[in-house]
Amino acid sequence: VTEATNPPSHPTLESPASPTDHTSPSTYDVVVVGAGPAGLTAALHLASAGLSVALLDEQTGLGGQYYRRPSPAVLARAGDHRPAGSRLVAAVRAAGVDCRTGTSVWGVGDDQRTLLTCASTGPAAAGGGGQVTGRYLVIATGAYERVLPFPGWELPGVTTVGFAQHLAAADGVPVGRRVLLAGSGPFLLPVACSLLRLGVTVVGVAEAGRPYRLSGAGLSALRFPARLAELAGYAAQLARHRVPLWQDRVVARADPDAPGQHVQSVTLAATQAPAQPLAQFEVDALCVGMGFRPQAELPQLLGCAMVTDPASGDLRPAIARDGQSSRPDVYIAGEAAGIGGARQAAAEGARVAQSILTREAALPTTPHPPTSHHQPAAARQASRTNRRHRRQDQFAALTSRLYPPPIELATRLTQALPGDVRVCRCEAVTAAQIRAAASPTVPSGIDAGTVRALTRAGMGPCQGRECAPAVGALCGTGPVAPAQPRMPVRPVPLTAIAALATPAPDPMPTSPMPVNTVPS
Amino acid sequence: VTGSLGPADVVVAGAGILGAAAAYHLARRGLRVVIAERAAPNREGSGTTAGNVHVQAIHTRRPGQAVPVDSERFLPLQQAASQRWARVEDELGTSVEYQQAGGLMVAETEEQAAELKAKGEWEAAAGIPTELLDGRAAREVLPALGPTVVAATWCPADGYANPLLVTQAYLAAAQRLGAVLRPFTPVIGLARRGSGWRTLTPAGHLDSAAVINVAGPWLHRIAALAGISLRLTPVAIQMHATVRGPTLLRHLLVQHIGRGLSVKQVSAGNVLIGGGWPAAGLAEDQRPQASVASMAGNVAEAIRILPPLAGLRLLRAWAGPLAATPDEMPVIGPVPGAPGLFVASGTYAFTFAPLWGETLAALVAGEQPPVEIRDLGPARLMEGDQFAPLA
C-alpha cells in the first residue's frame with residue numbers, strides 16, 4: 001500500500017524549509033503543530049488577534065492533507081480544486097504567522113514544553129535540528145489512514161484511498177485506469193467521485209458495513225441535512241456512472257499479473273467470511289482505507305491525559321469542550337483528538353483560538369494585551385463556535401453508528417488472514433509469526449508488548465503506526481500502542497540530536513554526567 | 001487474599017533474566033518453581049538493556065563515581081560468565097543471537113591510554129586475552145573509528161545476546177521442566193512461616209522452603225516486606241537505537257574507557273548507543289522517560305568516536321531501570337539471618353545472568369556454587385543487624 005502521509009518529493013509553491021539550526025528555542029505566544037484546516041484556522045485567529053504564532057508542518061507546503069495545494073503546473077492546467085484552502089493559506093500568511101514548513105517535530109525537551117524539530121525534506125533533512133516553544137501549544141497533527149493487511153496488500157498498484165485522493169484532487173493524476181475502492185467509512189465515496197472526474201473507470205466501491213440504507217441510525221442522519229446531502233450527492237454521482245456500491249464486502253485478496261508484479265485483480269468476500277471468495281474483478285489499481293486514526297504521539301509525549309476509544313481502540317488525548325488537554329497550556333484541535341472531518345477540524349481550530357484569546361484577555365499583563373472590547377466579542381464567538389461544534393460532534397457520532405466499529409473489523413479480518421501475509425512490513429513479520437508469539441500455548445506471560453519484543457512487529461521505521469491495529473487484533477489485545485510515549489516521533493538524524501548537546505562535546509567529562517552504573 | 005496458589009519448593013520474585021535463569025536451573029534440578037512477576041516478563045531492566053556480554057574490564061573511573069569497580073575482583077567473574085554464556089543456546093535449545101564478535105575499549109587521551117595498559121595486566125592475570133592497540137592499529141581493526149581515538153584494547157571475547165529473546169528462552173525452558181510462571185502477580189507480602197517462607201500475592205499465597213528475590217530495582221522493596229533493609233538504589237538509564245544501516249561496526253562492541261559510551265550494531269543492522277546516561281526519572285509503576293539532554297550527550301559522543309554514525313537516523317530511545325549497589329559490585333547470595341532467602345542483583349546482571357542462575361540454584365540446593373561468591377553477599381548492603389525473624 002502506498003500511503004499519502006509522506007511528504008511529497010516534488011517541488012511546491014512553498015519556499016524550501018529554512019534551515020532549522022537554532023540552538024536555543026525560538027519563543028512564541030503560540031506554537032501550532034500541523035497546518036491543515038484545524039491548525040491554519042487556529043493560527044489565523046490567534047495571529048489576527050495580535051499574538052505571535054509559529055505554524056509547523058512537515059509537508060513542504062501549508063494546507064495539510066485536505067487543503068494540500070496543487071503544484072503550479074496543475075493549477076495552470078486544472079485550476080484550484082479547493083479555493084477555500086488557498087484563501088485560508090493566504091490569510092494565514094497575511095496575518096504574520098511564522099510558517100515553518102518542511103519541519104518535523106520529533107520530540108519534546110526535558111522541560112516538557114520545548115518542541116524539538118528537524119527538517120523533514122530537502123538537503124537540510126540530513127542536517128541539524130531546531131527548538132521552538134510557546135506559552136501555548138496547539139497540536140493539530142491530524143490523522144493517519146487506517147489500513148488492514150490482506151493477501152496482496154503490498155503489491156504495486158495497491159494504495160490507500162487518501163493517496164489516490166491526493167493524486168486525483170491535488171495533482172490531477174489518476175491512480176489507475178480501472179480502479180476498485182474498498183474499506184469502510186464515508187471517505188470512499190468522494191474519492192470514487194474524484195476518480196470519476198478524471199475519467200477513471202471505477203469498477204466499484206466495496207463497503208465493509210451496511211451504512212447506506214434508511215435504518216434508525218440512517219434516519220437520524222436527516223437531522224444533519226448538509227452532510228447527508230453531501231453523501232447522497234456522492235452516491236448519486238456513482239449511480240449516474242453506474243458504479244456499483246457493494247455493502248458488506250471486503251477484499252479477500254489482490255493478485256498480480258505476474259508474481260510480484262502489478263495488481264491485476266481483486267477478489268471480494270462477505271465481511272462475515274473474509275476468506276471465502278465471492279467475486280473477482282479486473283483492475284489496475286486498488287485503493288483501500290478503513291477510515292482514520294488520530295495522530296496523537298505529541299500530546300502523549302507532552303504528558304497529556306490519554307483515553308482509549310472503545311470502538312476503535314485508538315489512543316487519543318482527553319480534551320475539554322474548548323479543546324484544552326489535561327495540560328492547561330496544551331490544546332488539541334482537529335483529528336488529532338478524534339476523527340470528524342475537515343469541517344469539524346476547522347471549527348475546532350477556531351474554538352481553540354477563541355479559548356486561548358479569552359484567557360489572554362483575562363490576563364492582567366500579556367505581551368500582546370488585546371483591547372478590552374475583544375472580551376465580549378471573544379465570548380460571543382466562542383458561543384457560536386461551540387454551537388457549531390456540537391452539531392459536528394453529533395455528526396461524528398452518527399458516522400460511528402453507521403459504519404462498523406474498527407476494532408471489530410480488525411479482529412474479523414485479521415483472524416481470516418493467511419499466515420504468510422506480512423503484517424509488519426518494516427520488519428517483515430508475518431501473521432503466522434505474530435500468532436505464534438501470541439498463542440496461549442507459548443509458555444510465557446503474554447501481552448502485546450511481549451509479542452512486539454519477540455517478533456519485532458512494529459519496531460521498524462514506521463514505529464508501528466501502520467500495523468498497530470492489525471498486530472493488536474492478531475494478539476487479541478486491542479491495538480498495540482506503546483504504554484509510554486517514545487521519542488523520536490519520527491526517525492531523526494543523529495546530527496540533529498547531537499546538535500542539542502550542551503556544551504559542545506569535548507573529550508573531557510561534562511554535564512550531564514553518566515550515572516555510576518552502566519548497562520549490563 | 002485467597003488461598004494457596006499450589007505447592008512450591010522455591011518462589012522466584014521477578015521474571016527478568018535473573019529470575020528466568022534461576023528458575024531454569026532450579027527446575028532442572030527437579031524442584032517445583034513458581035515465578036511471581038508483577039507485570040509481563042522481561043519488561044524492565046532485562047528487556048531494556050543493550051544485551052552486552054562484557055568480558056574485558058570496564059570503566060574503572062567514571063564521572064561522578066565515588067567507588068571504582070574492583071576490576072581485579074571483577075575480571076575472573078567476567079571470564080567465568082563468558083564461559084557460561086557459551087553453553088546457553090545448547091541448553092535452551094534455541095538461538096538467542098549470542099555472538100562473540102569482540103570489542104574495542106577506546107581512549108582519547110594519554111591518561112586514558114595508560115588506564116588501558118593497566119587494565120590489560122589484570123586481564124592477563126584473569127586469563128582474558130586483550131591486545132593494546134595504538135590509534136592507527138585500532139582504526140585498522142575498525143575503520144569507522146574517528147581521529148580522536150589514540151589507543152584501544154581489543155578483546156575477542158566481548159559478546160552480545162538479544163535481550164528480547166534470552167529471558168523468554170529461559171522461561172520457556174523452565175516451563176518445559178515444570179516451572180510455573182505467574183505474570184501480573186505482584187509479591188505484596190513476604191514472611192517466615194515454619195522453616196520456610198510465605199509469599200503473598202493478590203491471587204493467593206505460596207509456601208516454599210526458599211525464596212529467590214531477583215526483582216531488580218524493586219528487590220529492596222520486596223526485601224523490606226520481610227523487614228530486611230538493603231542499600232540498593234534504583235537507577236534509570238537510557239538506550240538509543242538507529243534505523244537499520246549498512247554494516248559499519250562488524251558487530252563489535254565499542255566502549256570508551258573514560259566516558260559513558262557503548263555502541264554496537266546488531267544483526268538486524270540497527271546501531272545501539274548507550275553507556276549509562278541517566279533517564280528522566282524512575283517512578284514505581286511507570287517506565288522512566290528518555291531524557292533529551294542524555295540523548296544529545298550520548299549521541300554526540302557516539303558520533304565523535306564513530307563519525308560514520310552521523311549518516312544514520314535515530315529510531316527509538318528508551319529508558320530502563322537497574323539496581324545499583326554502593327560499591328558498584330554485584331550482589332548475590334543468602335540473606336544473613338533469613339535462611340532460605342536469596343538475592344541477586346547489581347552490576348552487569350545481564351552479563352552474569354547465566355552464571356548467577358546456576359549459582360542461585362546451587363545455593364538453594366546447598367551445594368558449592370560454580371564460582372566463589374561469599375564476598376558478594378548482601379551482608380554488606382544491610383544496615384546493621386536489623387533482621388528480626390517474624391516468629
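Proteins come first, then strands; the chains are lettered A, B, ... in the order of their sequence lines, and each starts at number 1. Atom set for the values below is all heavy atoms of this structure, side chains included, hydrogens, waters and symmetry mates excluded.
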Which region of B:L315, side chain (C-beta onward) or backbone (N, CA, C, O), has a non-hydrogen atom less than 4.5 Å from a non-hydrogen atom of chain A, or is it both or neither?
both
Separation between CD1 of B:I303 and CD1 of A:I497, rounded to the nearest 0.5 Å
8.0 Å
Please find the pair of heavy atoms, one from B:A300 and one from A:A498, that lie closest to each other, and give the distance.
CA-CB, 3.8 Å
So does A:R456 have more than 12 non-hydrogen atoms from other groups sitting under 6.0 Å from CZ?
yes
Which answer fits B:R43, side chain, backbone, both or neither, if we ask what part of it has an atom under 4.5 Å from a heavy atom of chain A?
side chain
Main-chain N/O of B:S291 paired to A:D110 side chain as donor or acceptor, under 3.5 Å
no
I need the residue from B:L164, B:T48, B:I17 with the largest number of non-hydrogen atom pairs under 4.5 Å to chain A.
B:L164
Under 4.5 Å between any side-chain heavy atoms of B:V292 and A:T114, yes or no?
no
Going from CD on A:E427 to CZ on B:R244, what distance comes out if it is rounded to the nearest 0.5 angstrom?
4.0 Å
Under a 4.5 Å heavy-atom cut-off, does chain A meet the side chain of B:N298, its backbone, both or neither?
neither
With only heavy atoms counted, which part of B:I35 is less than 4.5 Å from chain A, the side chain, the backbone, both or neither?
neither
Side-chain heavy atoms of B:Q168 within contact of A:T450, under 4.5 Å
yes
List for me each residue that meets salt bridge (charged side-chain N to carboxylate O under 4.0 Å, His left out) alongside B:E37, sequence neighbours excluded, and say none if there are none.
none
Reported CE-to-CD distance for the pair A:M487 and B:Q289, which is rounded to 0.5 angstrom:
6.5 Å
Turns out that what part of B:A241 lies under 4.5 Å from chain A's heavy atoms comes down to neither
If you look at every heavy atom in B:R313 and A:P491, which pair is closest and at what distance?
NH1-O, 2.8 Å
Using only atom types and a distance under 3.5 Å, with no angle test, would you say the side chain of A:R486 pairs donor to acceptor with the backbone of B:R316?
no
